[in-house]
Amino acid sequence: MTIDNIIYSISQFEHSLLAFIDVGGIIMWPLFGCCLWMLWLASQIVFKSYDLSYTRTTTQTCPDWLNHRLDSIALRQAYQQQHFDLQGVKLLSMVAPLLGLLGTVSGMIAMFTAGANYGFHDPAIISAGISMAMVTTQTGLFIGLSGALLAFFWQRKLNKIQDVDLVRSYHAE
């Protein structure tokens, strides 16, 4: 695959994406932003290094109880940041379907407005409004479902790690 083919493919993807957003109307931009924000938060899971494993770093200058306390504080801060990012994903997964519903209402209003102005005898007028309504609904549901699944598995991962750390800290005392 040459560079020209890659550039052409990217150009085609960009054109298709913008055409899809255009069909859905103005509501597609907040949905697109919601999707990008959720992807950014999800990338925090993969690329940001959270030290969620309980490892004791002992130093010679501090007593054991202080080392244990410092490790607990660092672990709690990592959990808090993970939970903060997780709450963002949960919020976005709830907002996306509502934005899709707003797009549905906007599409229906556009359809009835065009029908009132030009008459309902032209199927293109009716289908454009219905298409806008369905595209935004589909996009909102897709983003919301993806976010809900991501949040579920992320929460499950955090719960498992937290359970393991609770057992370790119980046995350490």
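Residue numbers start at 1 and run along the sequence shown. Quick caveat, the model's predicted, so the values are computed rather than measured.
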With rounding to the nearest 0.5 angstrom, report the [atom1] to [atom2] distance, [X] to [Y].
X	Y	atom1	atom2	value
Leu102	Thr137	CG	OG1	10.0 Å
Ile143	Cys34	CD1	SG	6.0 Å
Leu101	Ser106	CG	OG	9.5 Å
Leu36	Leu41	CG	CG	11.0 Å
His15	Asp22	NE2	CG	10.0 Å
Leu149	Leu145	CG	CG	4.5 Å

Please determine whether the number of non-hydrogen atoms from other residues, nucleotides or ligands lying under 6.0 Å from atom [atom1] of [X] exceeds 12.
X	atom1	value
Tyr118	OH	no
Gln12	CD	yes
Phe120	CZ	yes
Ile26	CD1	no
Ile3	CD1	no

Ignoring hydrogens, what is the shortest heavy-atom contact between [X] and [Y]? Give both atom names and the distance.
X	Y	result
Val23	Ser131	CG1-OG, 3.2 Å
Ala133	Met108	CB-SD, 4.1 Å
Ala42	Leu150	CB-CD2, 3.6 Å
Ala151	Lys90	CB-CG, 3.7 Å
Ala124	Ser127	O-OG, 3.2 Å
Leu31	Thr136	CD1-O, 3.8 Å

Side chains of Thr139 and Phe32: closer than 4.5 Å at any heavy-atom pair? no

Any side-chain heavy atom of Val105 sitting closer than 4.5 Å to one from Ile109? yes

Hydrophobic clusters here meaning ILVMFWY residues chained together by side-chain heavy-atom distances under 4.5 Å, can you tell me if [X] and [Y] are in one?
X	Y	answer
Phe112	Met134	yes
Trp29	Leu17	yes
Met28	Trp37	yes
Trp40	Phe153	no
Met94	Leu141	no

Could you please spell out the steps behind the side chain to side chain contact (heavy atoms under 4.5 Å, CB included) verdict for Gln44 and Gln82? CA-CA 9 Å; Gln44 298 300 303; Gln82 281 272 326; over 6 Å; no

Working for side chain to side chain contact (heavy atoms under 4.5 Å, CB included), residues Leu91 and Val95: CA-CA 6 Å; Leu91 175 69; Val95 167; 4.1 Å; yes

If you apply the rule side chain to side chain contact (heavy atoms under 4.5 Å, CB included), what do you find for Met111 with Met132, and how did you get there? CA-CA 9 Å; Met111 180 188 71; Met132 177 191 289; over 6 Å; no

Quick one: does any side-chain atom of Thr113 pair with a main-chain N or O of Ala110 as donor and acceptor, under 3.5 Å? no

